[in-house]
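The structure under discussion appears below in the form of structure tokens.
All residue numbers in this chain count up from 1 along the given sequence.
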Amino acid sequence: MDARQDSNDAGRRDEVREVAREIAGRISARGVYMRGDESSDDIIAIEEAIERFEEAVESRGGDLRMDEPPRGHRGEPDDPRFQLPARDAGMSAAKYVERLAQAVDKIRTPRRKS
């Protein structure tokens, strides 16, 4: 490999890290705890899982602006299932993605009438 190729690879890695930081910042701004040690793949997986969650909320008539509170505030969604699940400080990215998938399943399952 020549020096030019090494430089290109390093530039791509820097770009990927910068994009991952930006995405992590947006996720954090939505109130999701980010430890700072997540890999780029972890960050993308979390972002995609949040997008699936939001799509599920919207498919059930939820309003994301109303259901997701500003950072540091408790939300009061129309349906408690519509609030973005929290990520605990010790929770791995994979576990959080799993938590989001479970939340999506709950949203998509019709509620039973009492």
Side-chain angles (χ1 to χ4, degrees):
M1 209 181 275
D2 64 27
R4 190 173 25 167
Q5 183 63 37
D6 286 343
S7 176
N8 287 341
D9 290 347
R12 283 190 208 111
R13 284 191 301 272
D14 289 345
E15 186 176 322
V16 167
R17 277 193 293 270
E18 180 59 30
V19 170
R21 271 194 300 272
E22 289 175 19
I23 294 169
R26 287 196 305 264
I27 292 169
S28 180
R30 300 181 66 198
V32 175
Y33 179 77
M34 297 298 285
R35 299 186 320 204
D37 65 350
E38 296 88 358
S39 70
S40 298
D41 289 340
D42 289 340
I43 293 168
I44 291 168
I46 291 171
E47 179 186 41
E48 290 173 347
I50 290 172
E51 288 173 359
R52 286 188 295 274
F53 174 83
E54 290 176 340
E55 289 169 1
V57 168
E58 289 174 333
S59 76
R60 293 289 187 205
D63 181 344
L64 296 174
R65 290 192 177 132
M66 299 301 291
D67 295 327
E68 292 183 9
R71 185 178 186 159
H73 294 86
R74 293 192 54 85
E76 295 182 23
D78 298 331
D79 183 328
R81 299 175 303 166
F82 293 171
Q83 188 162 359
L84 187 64
R87 179 181 181 200
D88 302 324
M91 184 179 285
S92 70
K95 276 289 191 195
Y96 185 58
V97 168
E98 184 179 315
R99 176 180 262 178
L100 287 166
Q102 291 168 350
V104 168
D105 289 344
K106 286 180 184 177
I107 291 169
R108 291 189 174 149
T109 301
R111 288 183 135 190
R112 293 183 183 168
K113 296 183 181 184
S114 305

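The backbone N or O of Ser39 sits less than 3.5 Å from a side-chain atom of Asp42, completing a donor-acceptor pair. The closest donor-acceptor contact from the side chain of Tyr33 to the backbone of Gly90 lies at 3.5 Å or more, if one exists at all. Side-chain N or O atoms of Ser59 include one that pairs as donor or acceptor with a backbone N or O of Ala56 at under 3.5 Å.
Residues Ile50 and Glu47 have side chains not in contact (no heavy-atom distance under 4.5 Å, counting atoms from C-beta outward). Put simply, the side chain of Met34 reaches to within 4.5 Å of the side chain of Ile43, judged on heavy atoms.
Considering all non-hydrogen atoms of both residues, Arg21 and Glu18 come closest at NH2-OE1, 2.7 Å. Of all the heavy atoms in Pro85 and Tyr96, the pair that sits closest is O-OH, 2.7 Å. Heavy-atom minimum distance, Arg87 versus Ala93: NH2-N, 3.4 Å.
Taking CD from Glu58 and CD1 from Ile107, the interatomic distance works out to 10.5 Å, rounded to the nearest 0.5 Å. Between the CD1 atom of Ile27 and the CD atom of Glu22 there is a distance of 12.0 Å, given to the nearest 0.5 Å. Note that CD of Glu38 is 5.5 Å distant from CD1 of Ile46, once rounded to the nearest 0.5 Å.
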Run the side-chain donor-acceptor check on residues 98-106: report pairs under 3.5 Å with partners two or more places apart or on a different chain.
unit_1: Arg99; atom_1: NH1; unit_2: Ala86; atom_2: O; d: 2.5

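Note on Phe53: it clusters hydrophobically with Met91, by side-chain heavy-atom contacts below 4.5 Å among ILVMFWY residues.
Applying the salt bridge (Lys or Arg N to Asp or Glu O under 4.0 Å) criterion to Glu15, with sequence neighbours excluded, gives no partner residue.
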